[in-house]
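Below is one structure, written out as structure tokens, with a few remarks after it.
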Amino acid sequence: MALFDLWDIHFGYPGRAPVLTGADMTLEAGERVCITGHNGAGKSTLLRIMVGLLRPEAGSVTAFGQPRRAEADFHEVRRRAGLVFQDPDDQLFCPTVAEDIAFGPLNLGASREEALGIVERVLKQLDLMHLRDRITHKLSGGEKRLVTLATVLAMEPDVLLLDEPTNGLDEANEARLVEVLLGLPQAMVVVSHDPHFRRRVGTRSLRLHEGRLTDAEPACRHAVTP
Ligand SMILES: Nc1ncnc2c1ncn2[C@@H]1O[C@H](COP(=O)(O)OP(=O)(O)OP(=O)(O)O)[C@@H](O)[C@H]1O
């Protein structure tokens, strides 16, 4: 069973030319699907449709084996598929890094102690312990991006949806991010303009062009076992 199956997705913003005009995509366990395409092609739009932040005009979204149509159908999808937005400021809203990471688990019913344990685990995993008590809005762009990933990993999603995760990262942090992603068990969809990054991380690459997804560069790696 595919984790996600998007079929013939059509979408346009009001008063603008259509963005998606029959996009198809599947995501299987163990896959890391990279998506490329020019600015404004609709990559972020597609990720938002996957988690129900936008609803397609036509076509279907099946996630975790169930067709998803109404808002209520997407609650489970958003719990199981963690979207890391392109702009970290859309995602970080607590005073400190630790509070931002603890927010999701606390919201899902974790105790204060459990949440603090999760904060420590994900910060160690991403090598970010030094940022634990920093004021979130005073972090650099690259630091914010890594913290955003930490907030999503803290929710232990089954699928990761990453929108331009290398934006603003220096070489060392980009290399570290590659290692972290390759070590994660989750299937993921990664939107990236960075061909080197896509080749390192992706098990499959798609190009979004004129509203549809097609195979891009040949895969360089085989799917990892889930
Ligand atoms: N809320 C909105 N209202 C109207 N138009 C929008 C809105 N959000 C995005 N768009 C437009 O829809 C198109 C697709 O945007 P989207 O952000 O999905 O592209 P993208 O492929 O992610 O681009 P980039 O590579 O620049 O991040 C663009 O032309 C954009 O201007």
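Indexing begins at 1, ligand by ligand and atom by atom, following the structure's order. The figures here come from the full heavy-atom set of this structure, side chains too, leaving out hydrogens, waters and symmetry mates.
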Open item on the list: Taking the side chain as everything from C-beta on, heavy atoms only, tell me whether L128 gets closer than 4.5 Å to V97.
Closed with: no

Open item on the list: Looking at E179 and R200, is any side-chain nitrogen of the basic one under 4.0 Å from a carboxylate oxygen of the acidic one?
Closed with: yes

TODO: May I ask whether R48 has any heavy atom positioned less than 4.0 angstrom from an atom of ligand 1?
DONE: no

TODO: Could you tell me which atoms of ligand 1, counted from 1 in the order shown, lie closer than 4.0 angstrom to a heavy atom of G42?
DONE: 14 (C), 16 (P), 18 (O), 19 (O), 20 (P), 21 (O)

- [ ] Check T21 against E210 and note the closest heavy-atom contact, atom names and distance.
- [x] OG1-O, 3.1 Å

Open item on the list: With the threshold set at under 4.0 angstrom, would you say E164 reaches ligand 1 through any of its heavy atoms?
Closed with: no

Open item on the list: Show the atoms of ligand 1 that are less than 4.0 angstrom away from any heavy atom in T45.
Closed with: 14 (C), 15 (O), 16 (P), 18 (O)

TODO: Mark yes when over 12 heavy atoms from residues, nucleotides or ligands other than E71 sit less than 6.0 Å from its CD; otherwise mark no.
DONE: yes

Task: Interfacing atoms of ligand 1 (cut-off 4.0 Å, heavy-atom, R16) - done: 4 (C), 5 (N), 29 (O), 31 (O)

Open item on the list: Looking at E114 and R121, is any side-chain nitrogen of the basic one under 4.0 Å from a carboxylate oxygen of the acidic one?
Closed with: no

Open item on the list: Under 4.0 Å between a side-chain nitrogen and a carboxylate oxygen: does that hold for R68 and E76?
Closed with: yes

TODO: State the atoms of ligand 1, each with its element, that fall below the 4.0 Å cut-off from a heavy-atom position in Q86.
DONE: 27 (O)

- [ ] Would you mind running through ligand 1 and noting each atom that sits below 4.0 Å from a heavy atom of H193?
- [x] 25 (O)

TODO: Compute the minimum heavy-atom distance from G37 to ligand 1 and say whether it is under 4.0 Å.
DONE: no

- [ ] Go through ligand 1 atom by atom and flag the ones less than 4.0 Å from a non-hydrogen atom of H38.
- [x] 21 (O)

TODO: Among L208, L6, D24, find the one that has a side chain to side chain contact (heavy atoms under 4.5 Å, CB included) with L213.
DONE: L208

TODO: For V19, counting its heavy atoms only, list the atoms of ligand 1 lying under 4.0 Å from any of them.
DONE: 12 (O), 13 (C), 14 (C)

